[in-house]
Peer 1: 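What follows is a structure written as structure tokens; I'll ask about it next.
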Amino acid sequence: MENTKELRTWLDAMNLEHPLVIAGPCSAETEEQVLRIAHELKDSDVNYFRAGIWKPRTRPGMFEGVGEIGLRWLKKVKAETGMKTCTEVANAAHVKLAIENDVDLLWIGARSTVSPFIMQEIADALAGTDKIVLVKNPVNPDLALWLGGIERLYTAGIKNLGAIHRGFSTYEKTKYRNTPEWQLAIEFQNKFPDLPLINDPSHITGKRDMILEVSQTALDLNFDGLMIETHFDPDNAWSDAAQQVTPAALKQIMEDLKVRKETNTDEAYKKALDNLRAQINVADNQLIELLGKRMKVANQIGVLKKDKNVAVLQSKRWNEILGNMILEGESRGLSEEFVLKMFKAIHQESINHQEKIVNA
Ligand code: PEP
Ligand code: MN
């Protein structure tokens, strides 16, 4: 993919003063529900009205979407409110119906991006369309699958493209429904710098009270927009009840978000920023130097252990270190989650060093 700039023409042409906003219910439930939410969102910053018609549910037996009839409701939304519409497509039949029914933007869900077969089927069905197509990241933290999905669409001649970052599922329980793994989103931005990237805080957090915080982080990382699930009665929604917000709450989130410019020519600002960045560079170099020193000490321990034929992994000692560091971290404003992650990585590297010596 070369000229990725043209892929964002659709977004640039909108000339927005604020990030792109996609909002609406997780699922279309009834005609009344869809229209009521759309009318309540009409006078807000919302650019696209979303509603899932075909719902990918992890376990069978749950509400799997209203299907084709929902497309008629989306047509009514457009006719009555003037809002453009979007929905998820997961196979060639969905694509055909969505295009026939004049849906403006189609997105590909996280459970489809994981499958190159499905991605190819969708890309073939969409070939040459001028609809906007957004690809959600795959369920698992695999950057190549995400990039591959975009590339399949590009190769099929789809010129209005974008991506949605909706977080990644993990085996371990975290405070997120799907952990953001921001570094992966940043890597994605580095690969396709011009491709519009939208954040989906609803599926990342799974909880409505964390949506503002995650949205703000996304904007600070120069994301182009947000997709936020919205319902007039979130608690009684037929899917994803805990993460949906009311139209009023959505408007409040939009008001509370600080939209910062990517750059600013003000000289004093530049100077201060350069200074702080320089301090960060110094601190980063110190970190690397210290870690190098720590590994040297670990090597010496390896030599001692080899000498006495002692096992490399000493769980009691490791738990002590971890406990102490979490406390130390806390007193310096570092989250337990971060300290744990960092020390697990450091510990693993120490073990690798020692194994090398013990098994030499
Ligand atoms: C959705 O947007 O409602 C949805 C099913 O999302 P995801 O594919 O991110 O799980
Ligand atoms: Mn949902």
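Just so you know, ligand 1 is whichever comes first in the structure, and atom 1 is the first atom listed for that ligand.
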Peer 1: Between Met227 and ligand 1, find which residue part has any heavy-atom pair under 4.0 Å and reply side chain, backbone, both or neither.
Peer 2: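 No part of Met227 is near ligand 1 at this cut-off.
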Peer 1: Among His203, Arg111, Arg166, whose heavy atom sits nearest atom 1 (C) of ligand 1?
Peer 2: His203
Peer 1: If you round to the nearest 0.5 Å, how far is CZ of Arg294 from CD1 of Ile346?
Peer 2: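 With rounding to 0.5 Å, CD1 (Ile346) is 6.0 Å from CZ (Arg294).
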Peer 1: Would you mind running through ligand 1 and noting each atom that sits below 4.0 Å from a heavy atom of Gly109?
Peer 2: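 Heavy-atom distances to Gly109 below 4.0 Å select 8 (O).
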Peer 1: Quick one: does Gln189's side chain have a donor or acceptor within less than 3.5 Å of a partner on Leu197's backbone?
Peer 2: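 Checked: no pair found.
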Peer 1: Would you mind checking which non-hydrogen protein atom is closest to atom 8 (O) of ligand 1, with the distance to 0.1 Å?
Peer 2: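 The answer is Ala110 N, 2.9 Å.
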Peer 1: For residues His165 and Phe188, establish whether the separation of their ring centroids is below 6.0 Å.
Peer 2: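 No; Phe188 has its ring centre 6.0 Å or more from that of His165.
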Peer 1: Could you tell me whether a side-chain N or O of Arg177 sits under 3.5 Å from a main-chain N or O of Lys207, the two making a donor and an acceptor?
Peer 2: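 Checking the backbone N and O of Lys207 against the side chain of Arg177, no donor-acceptor pair under 3.5 Å is found.
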Peer 1: Give me the protein N, O or S atoms that fall under 2.8 Å of the Mn ion (ligand 2), sorted by chain and residue number.
Peer 2: Cys26 SG, His203 NE2, Glu229 OE2, Asp240 OD2
Peer 1: Would you say Ser202's side chain and Ile228's backbone share a donor-acceptor pair under 3.5 angstrom?
Peer 2: no
Peer 1: So how far is it from Ile253 CD1 to Thr230 OG1, rounded to the nearest 0.5 Å?
Peer 2: 8.0 Å
Peer 1: Just which atoms of ligand 1 are under 4.0 Å from any heavy atom in Lys55?
Peer 2: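 Result: 1 (C), 3 (O), 5 (C).
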Peer 1: Could you measure the distance from the CD atom of Glu88 to the NZ atom of Lys136? Nearest 0.5 Å is fine.
Peer 2: 7.0 Å
Peer 1: List for me each residue that meets side-chain hydrogen bond (donor to acceptor under 3.5 Å, both in side chains) alongside Arg72, sequence neighbours excluded, and say none if there are none.
Peer 2: none
Peer 1: For atom 6 (O) of ligand 1, what's the nearest protein heavy atom and its distance?
Peer 2: Lys136 NZ, 2.9 Å
Peer 1: Do Tyr48 and Leu20 come close enough that some side-chain heavy atom pair is under 4.5 Å?
Peer 2: yes
Peer 1: Would you call the rings of Trp182 and Phe223 parallel, tilted or perpendicular, where under 30° means parallel and over 60° means perpendicular?
Peer 2: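 Answer is perpendicular, since the angle exceeds 60°.
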Peer 1: Please write down residue, atom name and distance for the protein heavy atom closest to atom 5 (C) of ligand 1.
Peer 2: Glu88 OE1, 3.7 Å
Peer 1: Please state whether Cys26 comes within less than 4.0 angstrom of ligand 1, counting heavy atoms only.
Peer 2: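 Yes.
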